[in-house]
2 protein chains.
Amino acid sequence: MSERSRSYHHGDLRAALVTEALEIARTEPAALSLREVTRRAGVSPAAAYRHFRDRSALMGALATEIQHRMVSRMRARTADLEPADPAREALLRLRGVGLGYIDFAIEEPGWFELAFFGSAEGAAVEEEAGSSPEQVPPFAELLAALDDCVAAGALPAERRAGAEFSCWSAVHGCAELMVHGPLRGAPPAVVREVAQRVVDDIITGIR
Amino acid sequence: MSERSRSYHHGDLRAALVTEALEIARTEPAALSLREVTRRAGVSPAAAYRHFRDRSALMGALATEIQHRMVSRMRARTADLEPADPAREALLRLRGVGLGYIDFAIEEPGWFELAFFGSAEGAAVEEEAGSSPEQVPPFAELLAALDDCVAAGALPAERRAGAEFSCWSAVHGCAELMVHGPLRGAPPAVVREVAQRVVDDIITGIR
DNA sequence: TGGTGCATGTGAACACCATCCACATTGGTG
DNA sequence: CACCAATGTGGATGGTGTTCACATGCACCA
C-alpha cells in the first residue's frame with residue numbers, strides 16, 4: 001500500500017480523484033477540469049471513466065463531500081454554546097447554523113461554489129427522486145435546528161411550515177452576495193456585520 | 001439597411017451578437033458558446049473579438065441587458081397598485097419588488113442564471129471600481145423601494161442601513177432555491193406560496 | 001472623382017476540453 | 001495455475017476560446 005504509485009493499478013483512484021479535485025477547487029478553481037484532476041492523480045484522462053459516468057458525476061461526488069465538510073464546520077462552530085434557557089439556546093443554535101453556513105462560504109469560496117452543483121446542471125433529470133431536501137446535509141442541519149426551536153417553544157408550531165425556505169433563502173443568498181455579489185472582497189468587519197444582520201432579520205421574520 | 005445580410009460588413013454585429021446570445025440563453029442554455037453565437041449571427045468566430053475583448057466581456061454585456069429586462073418586468077408588475085395610505089403603499093411596493101425578482105427567475109431561468117455573471121468570474125479584478133451596488137439595476141430598484149418605506153414611515157430610519165442586504169439575500173436566495181435548489185420543478189402553487197412567505201418574512205424581519 | 005486608411009470580417013491555426021474506443025495490464029478466484 | 005473481470009492506456013473525434021496574418025469595403029480627404 002505504501003509504494004503504490006508505480007503500479008499499473010492505482011489502488012483507490014476514485015477517492016484520489018475526489019481528493020485532487022477538492023484541492024484544485026480550493027486553490028485554483030479555474031483549473032478544475034477532468035483532465036487536470038487525472039493529471040494530478042498521475043493517471044490518464046480516460047481512467048476517470050472507470051469510476052464516474054462523466055464529468056458531472058465527478059462534480060456530484062465533489063458536491064457531496066463538500067456538503068459534509070460544510071456541516072462539520074457548522075457543527076464545530078455551534079458546539080461551544082453555554083447553556084441557557086431552552087428557547088434562547090435553540091435560537092442561538094439556529095443563528096449559529098446560519099452564520100456557520102455563511103462563514104464557510106467566505107472561508108472556502110471555491111468549495112462553496114461547487115457545494116450544490118450536483119443539483120444544478122447535468123444531473124437534473126435522473127436524480128429527481130433522490131434529492132429531497134433532507135438529503136442535502138446543510139439543509140438537514142437547518143431543519144433540525146428549526147424543529148428544536150419549536151420543541152423549545154422559541155417558534156410557534158403554526159409558523160414552522162415553510163420556515164426552512166425563508167431561512168435557507170436568506171442565508172444562502174447572503175453567502176452568494178459575499179462570494180459573487182456586490183459584497184465580494186468587502187472588509188471582514190463589514191462582512192461580519194452584514195451576515196449577523198441578515199441572520200437576525202430572518203430569524204425575527206419567521207417567528 | 002434592409003439587405004445587409006449579404007454584405008461583408010454586418011452593420012451592427014455587436015447588437016446582433018447580444019440578441020442571438022439572449023435567444024440561446026433563453027431556449028437552450030447549454031449551447032451558449034461564443035462560437036454558437038457567431039454561427040447564428042452568420043459570422044466567423046473571430047469576428048466577435050472586434051466587439052468584445054473575450055467571452056466574459058460578451059457575458060457581461062448579456063448580464064447588463066438581462067438586468068434591464070428584469071427591472072422592466074419588475075416595474076410592470078408593481079405598476080398596478082391601487083392607492084392606499086403611504087406606509088402601506090410603500091410596503092406593497094417593496095413586496096412587489098421582491099416577488100417580481102423571484103417571478104423573473106422562475107419565468108426566465110436561463111436569463112436569471114446569467115444576470116449576475118459579469119460580477120462572477122472572469123472580470124472580477126478590473127471592474128472592481130465600477131460595480132457598486134447602485135449600478136446593478138435590480139438592486140437599485142430595491143434601494144429605491146426601501147428609501148420609499150423610510151420616507152412613508154413604514155421603516156424606522158435607524159433600521160434602514162443594511163436592510164438592502166437582508167432583502168436582497170432573502171429574495172435572491174429564494175430565486176436560487178427555485179431555479180437550482182430543492183424547489184426546482186415544484187408545482188407553481190407551492191412556488192408561489194413559498195415566495196410570498198419568504199418575502200413577507202424578510203419584510204417583517206427588517207422592520 | 002479617385003485614392004487611401006481604418007474599422008471590421010475571414011480562415012486557419014493553437015491549445016485545451018470531455019468523451020469514446022480498442023487494447024494492455026493486473027489482482028483475485030476457480 | 002489459468003483465466004476473467006476490473007482497471008488503466010493511447011489515440012481519435014468533435015467541441016471550445018483565442019490569436020494571427022490577411023481580406024474587404026466604408027468614409028473621408030485630396
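Per chain, numbering begins at 1; letters A, B, ... match sequence-line order. Only heavy atoms go into these numbers, but all of them, side chains included; no hydrogens, no water, no symmetry mates.
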| request: Send over the distance from B:Leu13 CG to C:dG9 P, rounded to a whole Å. | output: 5 Å
| message | Once side-chain contact (heavy atoms from CB on, under 4.5 Å) is applied, do any residues pair with A:Val37, and if so which ones, sequence neighbours excluded? | response | A:Leu17, A:Glu20, A:Ala21, A:Ile24, A:Leu32
| request: Summarise how protein sits on nucleotides 10-22 of chain C as a single string, 5' to 3': B when a protein heavy atom is under 4.0 Å from the base, S for sugar-phosphate-only contact, - for no contact. | output: BB-B---SBBBBB
| task | Classify the ring geometry between A:His172 and A:Phe112 as parallel (under 30°), tilted (30 to 60°) or perpendicular (over 60°). | result | tilted
| task | Please state whether the phosphate of D:dG8, meaning OP1 or OP2, lies under 4.0 angstrom from any side-chain nitrogen or oxygen of A:His51. | result | yes
| field | Note: B:Arg69-B:Glu108 ion pair, threshold 4.0 Å (strictly below) | value | no
| Nearest heavy-atom pair of A:Ala152 and A:Ala90: which atoms, and what distance? | CB-CB, 3.8 Å
| query | Does some side-chain heavy atom of A:His68 sit less than 4.5 Å from a side-chain heavy atom of A:Thr64? | reply | yes
